[in-house]
Amino acid sequence: MDDFDFTQNYRDKWKDGFYIVRYGFFIDKDNYVFHRSWGVGKITELNTAEMVIDFKDKKGHKMDIQMALKSLKPLREEHFWVMQFEKPE
């Protein structure tokens with residue numbers, strides 16, 4: 001018990017809560033996201049534990065909700081990158 005850092009535990013919980021409030025709204029089917037390695041993706045499936053995202057070169061990628069909150073950024077449907085993703089011509 002002496003080795004447990006209560007400060008770090010509370011800091012992590014606050015940080016997780018911040019991500020949910022700030023980015024949680026984008027977690028919905030058919031919304032677009034950006035990942036720094038895989039680029040633009042579209043959320044195709046969603047349940048309480050994970051989501052499935054179609055990236056250009058990584059279709060059907062499953063991602064845990066908590067990981068998604070930390071690694072994805074929301075994109076609006078009218079964003080230039082989304083338009084390129086949907087119609088790459």
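One N or O on the side chain of D54 and one on the backbone of G60 form a donor-acceptor pair closer than 3.5 Å.
Within the 4.5 Å cutoff, side-chain heavy atoms of V40 are placed close to those of L75.
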Identify each donor-acceptor pair in which a side-chain atom of residues 79-86 lies under 3.5 Å from a protein atom, sequence neighbours left out, and give them as a table.
unit_1: H79; atom_1: ND1; unit_2: W81; atom_2: N; d: 3.0
unit_1: E86; atom_1: OE2; unit_2: Y32; atom_2: OH; d: 2.6

Pairs of donor and acceptor atoms involving the side chains of residues 42-51, under 3.5 Å and at least two apart or interchain, shall be tabulated with distances.
unit_1: T44; atom_1: OG1; unit_2: V52; atom_2: O; d: 3.2
unit_1: N47; atom_1: OD1; unit_2: A49; atom_2: N; d: 2.8
unit_1: N47; atom_1: OD1; unit_2: E50; atom_2: N; d: 2.9

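Other residues, nucleotides and ligands place no more than 12 heavy atoms under 6.0 Å from the NZ atom of K56.
N31 contributes atom CG, which lies 11.0 Å from atom CD1 of I53 (distance to the nearest 0.5 angstrom). One distance of note links CE of M63 with OG of S71; it measures 4.0 Å at 0.5 Å rounding.
Looking at residues two or more places apart in sequence or on another chain, you find a side chain to side chain contact (heavy atoms under 4.5 Å, CB included) between K58 and W38, F55, H61.
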